Amino acid sequence: MTAATRPSPHRLDHALAGLSPGYFALVMATGIVGIGLDAVGVVWAAALLKVIALVAYVVLAVLYIVRWFRHRAQVRHDLRDPERTFGYFTIVAGTGVLATGLLGTRFEQVSIGLVVVAAAIWIVLGYVLPWQVLMSRDGEPILARTNGTWFVWSVASQSVAVALAGILPLVPQFSHLIGILTVMTWSVGTLLYAGIAVLVTLRFVHHGVTPQQFEPPYWVAMGALAISVVAGTGIVDMPSTPMIDASRSLIGSTVVIFWCFAAWLIPMFAGAGIWRHVVHRVPLRYTPALWSMVFPLGMFAVASIRLGRVDRIPALEVAGTVFLGVAVLAWLLVAVGFGVNLVRGERPLVTQEDADVRS
């Protein structure tokens, strides 16, 4: 970075004002790819990605806190914007993924605290954000602005369920409570997915979507199903408690359906990407939203591996391992894009929409 391109304090503060609410998708994507690599035995790469996820988590937490104090008006605007506010659920999902990634390491006790943080933020945001969008509003129609970021609400719920199931061996004395909370968060996430899918479909039917509007976060629709599979298989594997026993057979029978639908969505989203970038030539350049595409790819790989092992379906495990390679490649490409923008001083923390408005 030369002196000419080195960001000034004013430009850095300007970038901070436009920080994407969904930037914790970076932690989600990095963490889940690390978990996938751990599952297939590539321990050194998994450890590296988990460290990157942890560092990114700390840095983003600091940036979000500073932004709250320095640019509170912009934060309030984001909270009332249906196209942006649900991105804040990436905080919950990122915390849950990081908690899961630390299990089995020397820092696994930290996972307990992270799960508590994730659950607390999930509860608060789960009531505050929908209220801001539906009741406070920003004066514009809502349905036409429903987009893929809404599915992160479902992902956040399922990430809490995955993390709760993961920490159970660390706190077996709370098995009954954890069983109840795990089934509850999985159920809430599943029902939220159904409701959001209806709203997004209605948006497509009544308002359509342009190539410019079909952004990477729509991939989260697939990732939400994949993390439901991971959470569901975790519940199936949990020790016996009254709540787990009451729901085990139902959840066990749905995860296969969720995986099948997630697999069915992949060609559709891949085709949409061709429609967007090849047919209509929308430039493919780095934006924070790209991490929201990497996460579903990694989550589908982990879901396939986990489902293949739990249900003893080797073909699924093989498919998941192959797909993990796709997720690793996608992570590397997006990371390179982030690094190039950072070196060039092109404000890699800012959404493209904000960059266009503020330039």
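This structure is a prediction, so every number in the text was calculated from the model and none was measured.
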What are the two closest heavy atoms between V282 and H277, and how far apart are they? O-ND1, 2.8 Å
Does W331 form a side chain to side chain contact (heavy atoms under 4.5 Å, CB included) with I52? I'd like the steps, not just the answer. CA-CA 12 Å; W331 187 91; I52 295 173; 4.0 Å; yes
If hydrophobic clusters are built from ILVMFWY residues whose side chains come within less than 4.5 Å, do L284 and L333 share one? no
Taking all atoms of both residues into account, what is the closest heavy-atom pair of V183 and S247, and its distance? CG2-OG, 3.4 Å
Are side-chain heavy atoms of I196 and W153 found at a separation under 4.5 Å? yes
Residues W122 and S157: side-chain donor-acceptor under 3.5 angstrom: yes
Determine whether a donor-acceptor pair (N or O, by modelled atom type, separation under 3.5 Å) exists between the side chain of K50 and the backbone of G34. no
Is L102 close to L114 at the side-chain level, that is, under 4.5 Å between some pair of heavy atoms? yes
Applying side chain to side chain contact (heavy atoms under 4.5 Å, CB included) to T182 and W186, what does each step give before you reach the verdict? CA-CA 6 Å; T182 304; W186 182 89; 5.6 Å; no
Identify whether L316 and V310 are in the same connected component of the hydrophobic contact network (ILVMFWY, side-chain heavy atoms under 4.5 Å). no
Apply side chain to side chain contact (heavy atoms under 4.5 Å, CB included) to the pair T287 and L290, showing each step before the final yes or no. CA-CA 6 Å; T287 70; L290 285 173; 4.2 Å; yes
Is it true that D78 and T85 share a donor-acceptor pair across their side chains at a distance under 3.5 Å? no
Would V220 end up clustered with F204 when hydrophobic side chains under 4.5 Å apart are linked, directly or stepwise? yes
Side chain of W131, backbone of G126: donor and acceptor closer than 3.5 Å? no
Pairwise side-chain contact, T149 with E83, heavy-atom cut-off 4.5 Å (strictly under): no
Can you give me the closest heavy-atom contact between L168 and P239, atom names plus distance? CD2-CD, 3.3 Å
Between V58 and M28, is there a shared hydrophobic cluster once you connect ILVMFWY residues whose side-chain heavy atoms come closer than 4.5 Å? no
Rounded distance [0.5 Å steps], CZ in R276 versus CZ in F269: 13.0 Å
Check L199 against L143 and note the closest heavy-atom contact, atom names and distance. O-CD1, 3.6 Å
On the 0 to 90° scale, with breaks at 30° and 60°, tag the W275-H280 ring pair as parallel, tilted or perpendicular. perpendicular
I need the E317 CD to I313 CD1 distance, nearest 0.5 Å. 10.5 Å
Shortest non-hydrogen contact from A303 to V230? CA-CG2, 3.6 Å
Quick one: pull up OG in S187 and CD1 in I251 and give me the separation to the nearest 0.5 Å. 5.5 Å
Using atom types as modelled and distance alone, determine if a side-chain donor or acceptor of R248 lies under 3.5 Å from a backbone N or O of M238. yes
Would you say the side-chain atoms of Y286 and W291 include a donor-acceptor pair closer than 3.5 Å? yes
Determine, step by step, whether R306 and D311 satisfy the salt bridge (charged side-chain N to carboxylate O under 4.0 Å, His left out) criterion, reporting the C-alpha distance in whole Å, the side-chain angles of both residues, the deciding distance to 0.1 Å, and the verdict. CA-CA 9 Å; R306 182 78 61 85; D311 287 351; over 6 Å; no
Take V155 and F295 through the side chain to side chain contact (heavy atoms under 4.5 Å, CB included) test and state the conclusion after the steps. CA-CA 11 Å; V155 170; F295 169 76; 3.8 Å; yes
Can you confirm whether H176 sits close enough to M243 that some side-chain heavy atom of one is under 4.5 Å from a side-chain heavy atom of the other? no
May I ask you to test the N147-V200 pair for a side-chain heavy-atom distance under 4.5 Å? no
Taking all atoms of both residues into account, what is the closest heavy-atom pair of A224 and I227, and its distance? O-CG2, 3.3 Å
Are Y88 and F24 near enough that their ring centres are under 6.0 Å apart? no
Please determine whether residues L54 and L103 belong to a single hydrophobic cluster, defined as Ile, Leu, Val, Met, Phe, Trp and Tyr linked transitively by side-chain heavy-atom distances below 4.5 Å. yes
Pairs touching residues 97-120 that satisfy side chain to side chain donor-acceptor pair (under 3.5 Å), sequence neighbours left out: none
Is a donor on one side and an acceptor on the other found under 3.5 Å between the side chain of Y193 and the backbone of A221? yes
If a pair satisfies side chain to side chain donor-acceptor pair (under 3.5 Å) and one of its residues is in residues 211-234, list it, with sequence neighbours excluded. Q158-S228, R203-Q213, R203-Y218, T210-Q213
Is there a side-chain contact between T201 and V205, using heavy atoms and a 4.5 Å cut-off? yes
Please check: side-chain N/O of R80 versus main-chain N/O of V133, any donor-acceptor pairing under 3.5 Å? no
Step through it carefully: locate the ring centre of W259, locate the ring centre of F300, and say whether they are under 6.0 Å apart. yes
If we only count heavy atoms from C-beta on, is the V59 to V55 side-chain gap below 4.5 Å? yes
So F258 and F261, do their side chains get closer than 4.5 Å, heavy atoms only? no
Check: Y64 side chain, P21 main-chain N or O, donor-acceptor pair, under 3.5 Å: yes
